[in-house]
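Before any comments, here is the structure.
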Number of protein chains: 2
Amino acid sequence: MSPPKSGAAKAGDETTQQRVLRAAVRLFAERGFHGTGIRDLAAAAELTTSTLYHYMTNKDDLLVEIMMGAITPLRDAAAAIRADIADPATALCAIVEHHVWAHASDRLATLVTDTELRALSGDRLKDVLTLRDEYEGLWRGAVEAGVEAGVFSTAHPNLAARALLQMATGVSHWFSAKGRLKLDELCRTYADNALALLRATDPDGKPLVRADLNVPSPTRYLSPLP
Amino acid sequence: MSPPKSGAAKAGDETTQQRVLRAAVRLFAERGFHGTGIRDLAAAAELTTSTLYHYMTNKDDLLVEIMMGAITPLRDAAAAIRADIADPATALCAIVEHHVWAHASDRLATLVTDTELRALSGDRLKDVLTLRDEYEGLWRGAVEAGVEAGVFSTAHPNLAARALLQMATGVSHWFSAKGRLKLDELCRTYADNALALLRATDPDGKPLVRADLNVPSPTRYLSPLP
DNA sequence: GTCTATATACAGATAGAC
DNA sequence: GTCTATCTGTATATAGAC
């Protein structure tokens, strides 16, 4: 009930915890988890190391927090898309586009999530892996649904799903908002690439392209921010 | 001229330097470069830390050596394929298959190469990046050649090339020789996926599949081992 | 909530005997 | 070529005053 002592006054202001998370995401992405020291982290968040420990329990848990925060909305969005959209080609496009959109617009957090799994072990690793496996399962399911419906044609559906996922995840390695390519055009192109790779066809056997479909905007399935 | 004091007697034996490299590849892949200590490295190579330094200059250069050793043969093979094979679809398949073959059969070294670039800086980073950019350029060129010949159809050839490369590189994250999928079948599937993604067609406009082509074996373009 | 100061362990790398 | 011993710096994390 009492007003906060510092910051967080106006809406849109960043809490100290968010500042810590943002600094960690940037440094973990630039230098890697083990390449980032507590002192680097504290300096980037403009805190002393002791104060830093007031806002986190330890470095490992900070990484888990970043990863969970990146994967959970992806899984929720993919689950919602599969529940909402019956047409396999449209659903797959929506999943691909949401994934690409997230990896481009939250590039560093997704990059950390995809590259620092080996820094974790034990229960922390298990928790993140469980979530990630759920998410991958939704991709596999989307591909399989299309194969069963006769819309997709691929010799190894599971292999294709993994290939598509890794292709789309790669966006976080190079995307720049300053580049020539607009975000929505990028998403559409990856959806088209996915349909092509799966040799998607309409009932007449004609190759299916994204423009034939009514794919919802990638921002449609945003999770409410914490 | 004098016989070596220890090991390296019979052909097929491993020199101490090779043992160091092998240990480094395994540990860097498992724990990451910064997650691997000099002591871990020495223990894995069954040496003391001092003796380890007799076989390497320092940890950074060891990483560079691993990366160069992984990328150089890939670049050489892709360059040879582009020089040898005029047909764009066949050349692209050969490049994809060689890449997948290398990433599956030398999984850990390629994984390290693809994930630890950020551990390098300065000239060391520049050297590796130069080589990697050359390699990526060969992929781009192969895709563009097919687009210009009217064999491939894609809205963003450069984007497609990068997507294909990242898709194929992903193999090093999960492949296991013990799995059900045979290596040659894996290579063929990725080549087919690549043709599909590029919407490759024959002169009659019929979708092209890998079985229509005369693709050389991935082992055809092996570099002689050092 | 924020600080100074520090505990304790380990990092990469080397000296110098044999 | 291999060893024991060690240098020097930095790692994560905490104690305890304010």
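In what follows, chains are A, B, ... by sequence order, proteins preceding strands, each numbered from 1.
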Rounded distance (Å) that lies between atom [atom2] of [N] and atom [atom1] of [X]:
X: B/Tyr55; N: C/dG12; atom1: OH; atom2: C1'; answer: 20 Å
X: B/His54; N: C/dG12; atom1: NE2; atom2: P; answer: 20 Å
X: A/Leu47; N: C/dT4; atom1: CG; atom2: C1'; answer: 15 Å

B/S/- along nucleotides 13-18 of chain D (protein heavy atoms under 4.0 Å) is BBB---
Tested for side-chain contact (heavy atoms from CB on, under 4.5 Å) against B/Phe28, the lone hit among B/Thr113, B/Leu63, B/Thr115 is B/Leu63
Is there a donor-acceptor pair under 3.5 Å between the side chain of [X] and the backbone N or O of [Y]?
X: B/Arg210; Y: B/Arg188; value: no
X: B/Arg118; Y: A/Ala29; value: yes
X: B/Thr51; Y: B/Leu47; value: no

Ignoring backbone atoms, test whether B/Thr51 places a side-chain nitrogen or oxygen under 4.0 Å from the OP1 or OP2 oxygen of D/dC3.
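For B/Thr51, the contact criterion (side-chain N or O under 4.0 Å from OP1 or OP2 of D/dC3) is met.
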Residue-phosphate contact under 4.0 Å: B/Thr48 side-chain N/O, D/dC3 OP1/OP2
yes
Ring-plane angle category for A/His103 and A/His99, please: parallel below 30°, perpendicular beyond 60°, tilted otherwise.
parallel
Does anything in residues 26-35 of chain B reach DNA chain C, meaning a heavy atom under 4.0 Å, and if so which residues?
none
Set of salt bridge (charged side-chain N to carboxylate O under 4.0 Å, His left out) partners for A/Arg220, sequence neighbours left out:
none
Within this structure, what is the CD-CG distance for the pair A/Glu65 and A/Asp60, rounded to the nearest 0.5 Å?
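Those atoms lie 12.5 Å apart.
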